[in-house]
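We name chains A, B, ... by the order of the sequence lines, and we start the count at 1 in each one.
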2 protein chains.
Amino acid sequence: MREQKPAVEFDTVPLSKREQILAAAREEFLEYGYAATTMDAVAARAGVSKATIYAHFENKQTLFGAMITNRCEQSFDKLPVPRGDARSLRTELHALGLMMIRLIYAPEAIALYRVVIAESARQPELGEIFHVSGPARAMASLTAYFQKLKDKGLLAIPDARLTAEMFVGMLKGQDYMRRLLNMEEGGCRPEDLVEAAVETLLRAYALQAEEV
Amino acid sequence: MREQKPAVEFDTVPLSKREQILAAAREEFLEYGYAATTMDAVAARAGVSKATIYAHFENKQTLFGAMITNRCEQSFDKLPVPRGDARSLRTELHALGLMMIRLIYAPEAIALYRVVIAESARQPELGEIFHVSGPARAMASLTAYFQKLKDKGLLAIPDARLTAEMFVGMLKGQDYMRRLLNMEEGGCRPEDLVEAAVETLLRAYALQAEEV
DNA sequence: GTCTATAAGAGGATAGAC
DNA sequence: GTCTATCCTCTTATAGAC
């Protein structure tokens, strides 16, 4: 009798205990950091007992690692995949830049990055997990894009990978550091950096004059 | 009698207790992070008792903040101050770039940045202290440098500040992120990024052809 | 100011019933 | 698997002698 399903099935699938715990862990860890987060707090937020957490995860470190992995997989699903065939290269690069800073500057992405940096000093595999499932994928995609532009004869760049790194670096500027440091905004606006980065790349390497 | 000075004065000035404590705190905090560092460990490393630490610093947070402030002041004294009058702009930019990545990529600078990022989530004023005494000073100096190049008619940049941000961003690339995440090196080599960044800037904005 | 010894409490992890 | 109740270690901070 205890295993009986409810008479009425609802569309909203209830979260499994494991998912509840992971969600609670994410909120706690991202807000308070690893050390300042207590298993009691995670249990309370998840609505389960502490013992239940330990039935699903070996210990606090394991729970943290599971949360990071889970979060990275979800955050970077929606990668920007430019086609490289727009009529205006400038427009396409500009849209790509905006999409990337929106991904990179999302508050949750910043919080995740911050907590992974903090703990990677003690658990180096966390840095690897984060990088492989997030930034590395984005860089690979971006490198392929610039390679396509080069092959098409649109950009006279010497190395697609280097160009991708420089492009992302230019987009971040100082404002990214400021946000990691939990400061008020106050450097250059990210939108201005997108403008300037695209302008710089095109002036340096564009083969077809397409300035309007 | 207990206050008597030693009969022979040595050239090596002994560190005051306060300085001993700060040095020990730096080593512990940078290696183990804020939470994992214990006051016992700091006391042991400094060669004093815990009570002595509390005689000099109100509590653990205060000690951490004092260490950060102290460290920032020392780390960023040796700022690169380019003159903007070298015969070859390319050579000067290249040297500047190398100097900056040497500063930015110093292991202790990385460790300091990491621990400040981690704790700035709880103590926002730490981020401010770090930024003002370090990166902000470097950016101001770099902005002034690019402004000089612009005024001299060497670079046709629209905005010195934006250019400074992009230049630093290009220098960092992905490798900086990899180091913060405590990963093995493996992206683009920083030296290649310096080359590429200088090349890009010059191609985009140089007014006098000086390619050799 | 500096020490030894200790108070006081937090928090990770588990035992045992259901 | 899940809960309640508890153990036990580790760590911050202080009391009190010198």
In whole angstrom, give the distance that lies between atom CZ of A:Phe57 and atom C1' of D:dG1. 14 Å
Partner set under side-chain contact (heavy atoms from CB on, under 4.5 Å) for B:Thr52, not counting sequence neighbours: B:Ile21, B:Val48, B:Ser49, B:His56
Parallel under 30°, tilted from 30 to 60°, perpendicular over 60°: which one fits the rings of B:Tyr34 and B:Phe64? perpendicular
Using whole Å, what does the distance between atom C1' of nucleotide D:dA13 and atom CG of B:Leu63 come to? 14 Å
Suppose we screen for ring pair (Phe, Tyr, Trp, His ring centres under 6.0 Å). Which residues come up paired with A:Tyr145, at least two apart in sequence or across chains? none
Taken to the nearest whole Å, CD1/B:Ile21 to C1'/C:dT2 is 10 Å
Enumerate, atom names and distances included, each donor-acceptor pair closer than 3.5 Å involving a side-chain atom of residues 119-131 of chain B, sequence neighbours excluded.
from: B:Glu119; atom 1: OE2; to: B:Arg122; atom 2: NH2; distance (Å): 3.4
from: B:Ser120; atom 1: OG; to: A:Leu180; atom 2: O; distance (Å): 3.4
from: B:Ser120; atom 1: OG; to: B:Val116; atom 2: O; distance (Å): 3.4
from: B:Ser120; atom 1: OG; to: B:Ile117; atom 2: O; distance (Å): 2.9
from: B:Arg122; atom 1: NH1; to: A:Tyr32; atom 2: O; distance (Å): 2.9
from: B:Arg122; atom 1: NH2; to: B:Ala118; atom 2: O; distance (Å): 2.9

Derivation and outcome, side-chain contact (heavy atoms from CB on, under 4.5 Å), residues A:Asn182 and A:Arg114: CA-CA 10 Å; A:Asn182 206 20; A:Arg114 186 186 288 136; 3.9 Å; yes
Pairs under 3.5 angstrom, nitrogen or oxygen only, protein versus nucleotides 16-18 of chain C, please.
none

Could you go step by step and tell me if A:Tyr176 and B:Glu165 meet the side-chain contact (heavy atoms from CB on, under 4.5 Å) rule? CA-CA 11 Å; A:Tyr176 192 63; B:Glu165 296 223 2; over 6 Å; no
Can you tell if the side chain of B:Tyr205 reaches within under 4.5 Å of the side chain of A:Glu199, non-hydrogen atoms only? yes
Of all pairs that satisfy side-chain hydrogen bond (donor to acceptor under 3.5 Å, both in side chains), the ones with a partner from residues 96-106 of chain B, not counting sequence neighbours: none
Do any N or O atoms of the protein come closer than 3.5 Å to N or O atoms of nucleotides 8-12 of chain D, and which pairs are they?
from: D:dT12; atom 1: OP1; to: B:Thr37; atom 2: O; distance (Å): 3.2
from: D:dT12; atom 1: OP1; to: B:Lys60; atom 2: NZ; distance (Å): 3.1
from: D:dT12; atom 1: OP2; to: B:Met39; atom 2: N; distance (Å): 2.9

Distance check: side-chain N/O of B:Thr52 vs OP1/OP2 of C:dT2, anything under 4.0 Å? no
Could you state the CD-C1' distance from B:Glu58 to D:dT14, rounded to the nearest angstrom? 14 Å
